[in-house]
Amino acid sequence: MVLRATAPSRPSTPSQCRILGIQPWPLYTAHTIAAIEVSHSILTYVRSLTMASSSSSTSGGDAATLRQKRIFASKLYFDVSPTKVPLIYSPAYDIAFLGIEKLHPFDSSKWGRVCQFLISAGVLDKKRIVEPIEASKDDLLVVHSEAYLESLKSSPNVAMMVEDYTVQVPPVAMFPNCLVQKKLLYPFRKQVGGTVLAAKLAKERGCAVNVGGGFHHCSSERGGGFCVYADISLCIHYAFARLNISRVMIIDLDAHQGNGHERDFSADKRVYILDMYNPGIYPFDYEASRYIDQKVEVMSGTTTDVYLSRLDDALEVLYIYF
């Protein structure tokens with residue numbers, strides 16, 4: 001706040017007042033009132049900053065408390081019979097609708113094909129597979145905002161998330177959202193439930209596999225690259241809250257950079273990210289790449305032997321940090 005003298009020709013000090021025979025008290029009073037007003041304004045401003053800081057702190061605390069409540073009220077964790085193997089899958093994972101799914105290069109029925117291959121090879125007993133529960137809205141709110149989930153009620157928005165810069169799937173944008181929810185988003189939510197449950201099973205059995213999930217392009221506020229829900233982030237928050245886990249290492253071996261979880265855990269030192277990917281393909285998220293703890297870039301044409309050798313070298317970090 002800036003204060004200016006608006007009448008410089010008038011006496012401005014008590015001594016000047018006495019010389020001119022003017023009683024100084026009105027001037028004292030004016031100065032005092034001005035000082036009080038300024039002090040009051042400053043105090044009000046300081047209080048507003050304090051209240052804003054307190055409100056922000058309280059808001060953050062409330063959000064953390066609400067997140068904890070949602071996690072502990074969730075049904076995604078449940079007891080699995082010891083007769084079941086720690087492999088999670090549901091036929092609901094597979095996406096199929098009038099052949100539209102074939103317009104996308106991503107095999108949206110690969111999860112079922114994987115299980116069928118294992119069953120046919122005699123490696124897996126169909127009756128011993130664990131089926132997860134669909135992630136509810138409250139489960140998803142552990143990571144995502146109401147606004148983000150609301151945006152998924154727009155078919156064009158969802159269409160943008162299941163595309164990348166090389167792929168266009170226009171029919172998704174034109175479908176009624178009720179169909180998009182049932183045929184596309186419901187399978188994704190089932191897979192989210194599988195990812196979250198896999199962490200619990202891994203803690204109990206030593207290892208676990210969710211045949212689906214791993215939507216590493218999705219962060220709390222943005223989807224993309226056929227990834228609509230941030231199941232990796234969700235899984236980790238559940239593990240921190242309910243499994244007494246203090247540190248997590250993400251080993252992302254997909255050919256594409258896992259920019260979603262990198263953004264979500266950019267400031268969380270409990271999460272160590274090793275990402276081995278091809279920087280010459282989607283998503284070109286250079287900001288998110290700054291949050292990778294160990295970046296292993298492999299270009300197209302890298303041979304299997306070279307790839308595995310570089311991966312072995314990268315995994316040495318396990319003996320240092322874990």
Side-chain angles (χ1 to χ4, degrees), residues 87-88 93 104-111 113-115 117-118 160-169 188 191-192 194-195 198-199 202 207-220 222-236 239 247-322:
L87 185 143
I88 303 165
Y93 281 15
H104 200 290
F106 189 91
D107 182 359
S108 60
S109 295
K110 66 177 182 179
W111 306 288
R113 298 187 207 281
V114 168
C115 287
F117 175 81
L118 294 174
M160 292 295 293
M161 295 177 194
V162 297
E163 299 171 357
D164 62 31
Y165 76 105
T166 62
V167 178
Q168 300 291 320
V169 194
F188 285 158
Q191 294 185 46
V192 170
T195 300
C207 67
V209 175
N210 179 28
V211 176
F215 302 129
H216 66 163
H217 294 308
C218 187
S219 63
S220 60
R222 186 169 71 182
F226 215 73
C227 300
V228 177
Y229 300 114
D231 66 321
I232 298 172
S233 302
L234 201 66
C235 171
I236 291 173
R247 292 207 70 195
V248 168
M249 182 175 183
I250 298 173
I251 303 174
D252 193 334
L253 303 181
D254 189 275
H256 303 90
Q257 176 197 344
N259 57 324
H261 59 71
E262 289 159 9
R263 285 177 174 274
D264 280 350
F265 295 107
S266 61
D268 195 330
K269 298 303 179 184
R270 298 173 299 172
V271 180
Y272 186 96
I273 299 174
L274 188 163
D275 197 348
M276 192 167 183
Y277 66 98
N278 184 343
I281 59 176
Y282 178 89
F284 306 106
D285 193 336
Y286 303 112
E287 180 185 347
S289 69
R290 293 165 43 211
Y291 310 131
I292 301 172
D293 296 288
Q294 190 170 4
K295 186 188 306 181
V296 184
E297 297 183 345
V298 287
M299 304 306 295
S300 299
T302 300
T303 64
T304 300
D305 288 343
V306 171
Y307 182 95
L308 292 177
S309 176
R310 294 195 64 189
L311 177 58
D312 283 342
D313 292 342
L315 290 176
E316 290 293 324
V317 73
L318 284 167
Y319 302 107
I320 301 172
Y321 293 102
F322 295 88

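All of these numbers come straight from a predicted model, not from anything done at the bench.
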Novice: How about L87 and L118: do any of their side-chain heavy atoms sit closer than 4.5 Å?
Specialist: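 Contact flag for L87/L118 side chains = yes.
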Novice: Are Y291 and D275 close enough that a side-chain donor and a side-chain acceptor fall under 3.5 Å?
Specialist: no
Novice: In terms of the angle between their ring planes, are H216 and H261 parallel, tilted or perpendicular, with boundaries placed at 30° and 60°?
Specialist: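 Geometry flag for H261 against H216: tilted rings.
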Novice: Answer yes or no: are there more than 12 heavy-atom neighbours, outside Y307 itself, under 6.0 Å from its atom OH?
Specialist: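 Counting other residues, nucleotides and ligands, OH of Y307 exceeds 12 neighbours.
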Novice: Which value, rounded to the nearest 0.5 Å, describes the distance between H256 atom NE2 and I281 atom CD1?
Specialist: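 Result: 4.0 Å between the selected atoms.
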Novice: Just do the side chain to side chain contact (heavy atoms under 4.5 Å, CB included) check on L234 and F215 with the steps written out, would you?
Specialist: CA-CA 11 Å; L234 201 66; F215 302 129; over 6 Å; no
Novice: Say you draw a straight line from CG of N259 to OH of Y286; how long is it, rounded to the nearest 0.5 Å?
Specialist: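 Atom-to-atom, N259:CG and Y286:OH are 12.0 Å apart.
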Novice: Which atoms form the tightest heavy-atom contact between N278 and S300, and what is the distance?
Specialist: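 Taking N278 first and S300 second, the nearest heavy atoms are ND2-OG, 2.8 Å.
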Novice: Find out whether S289 and Y277 are in side-chain contact, i.e. whether some heavy atom of one side chain is under 4.5 Å from a heavy atom of the other.
Specialist: yes
Novice: Mind checking whether S219 and E262 have side chains closer than 4.5 Å, heavy atoms only?
Specialist: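 Not touching, per the 4.5 Å side-chain cut-off.
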Novice: Output the distance between atom SG (C227) and atom CG (D254), rounded to the nearest 0.5 Å.
Specialist: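 Going from the SG atom of C227 to the CG atom of D254 covers 8.0 Å.
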Novice: Please determine whether side chain to side chain contact (heavy atoms under 4.5 Å, CB included) holds for the pair F284 and Q257, giving the CA-CA distance in whole Å, both sets of side-chain angles, and the decisive distance to 0.1 Å.
Specialist: CA-CA 8 Å; F284 306 106; Q257 176 197 344; over 6 Å; no
Novice: With rounding to the nearest 0.5 angstrom, report the CE to CD distance, M276 to E297.
Specialist: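 Nearest 0.5 Å value for the CE-CD distance: 11.0 Å.
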Novice: What is the distance from atom OG1 of T302 to atom CG of L308, rounded to the nearest 0.5 Å?
Specialist: 11.0 Å
Novice: Show me, pair by pair, the donor-acceptor contacts under 3.5 angstrom made by side chains of residues 313-322, not counting sequence neighbours?
Specialist:
none

Novice: Under the side chain to side chain contact (heavy atoms under 4.5 Å, CB included) rule, what do V271 and I250 come out as? Steps first, then yes or no, please.
Specialist: CA-CA 7 Å; V271 180; I250 298 173; 3.9 Å; yes
Novice: On a heavy-atom basis, which atom in D252 and which in G258 lie closest, and how many Å separate them?
Specialist: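 Closest approach of D252 to G258, heavy atoms only: OD2-CA, 3.4 Å.
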Novice: Evaluate the side chain to side chain contact (heavy atoms under 4.5 Å, CB included) criterion for residues Q294 and I273: first the C-alpha distance (whole Å), next the side-chain angles of each, then the deciding distance (0.1 Å), finally the verdict.
Specialist: CA-CA 6 Å; Q294 190 170 4; I273 299 174; over 6 Å; no
Novice: Would you tabulate the side-chain donor-acceptor contacts of residues 263-270 under 3.5 Å, counting partners in other chains and residues two or more places apart, or write 'none'?
Specialist:
residue	atom	partner	partner atom	Å
R263	NE	D285	OD2	2.9
R263	NH2	D285	OD1	3.0
R263	NH2	D285	OD2	3.2
D264	OD1	S220	N	2.9
D264	OD1	S220	OG	3.3
D264	OD2	S220	N	3.2
D264	OD2	S233	OG	2.6
S266	OG	R263	O	3.3
D268	OD1	R270	N	3.0
D268	OD1	R270	NE	3.0
D268	OD2	R270	NE	3.4
D268	OD2	R270	NH2	2.8

Novice: Of all heavy-atom pairs between Q191 and Y93, which one has the smallest distance, and what is that distance?
Specialist: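 Looking at all heavy atoms of both residues, the shortest contact is NE2-O, 3.3 Å.
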Novice: To the nearest 0.5 Å, tell me how far M160 CE sits from R222 CZ.
Specialist: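 M160 CE to R222 CZ: 11.5 Å, rounded to 0.5 Å.
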Novice: Would you say S309's side chain and V306's backbone share a donor-acceptor pair under 3.5 angstrom?
Specialist: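 Pair absent, no side-chain N/O of S309 close to backbone of V306.
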Novice: Between T195 and G212, what is the shortest heavy-atom contact and its length?
Specialist: OG1-O, 4.3 Å
Novice: Taking all atoms of both residues into account, what is the closest heavy-atom pair of G223 and C218, and its distance?
Specialist: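 Heavy-atom minimum between the residues: CA-SG, 3.9 Å.
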Novice: Using the test side-chain contact (heavy atoms from CB on, under 4.5 Å), find all partners of K110 that sit at least two apart in sequence or belong to another chain.
Specialist: F106, D107
Novice: Compare every heavy atom of R310 with every heavy atom of V296, then report the nearest pair and how far apart it is.
Specialist: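 Shortest heavy-atom separation between V296 and R310 comes out as CG1-NH2, 3.7 Å.
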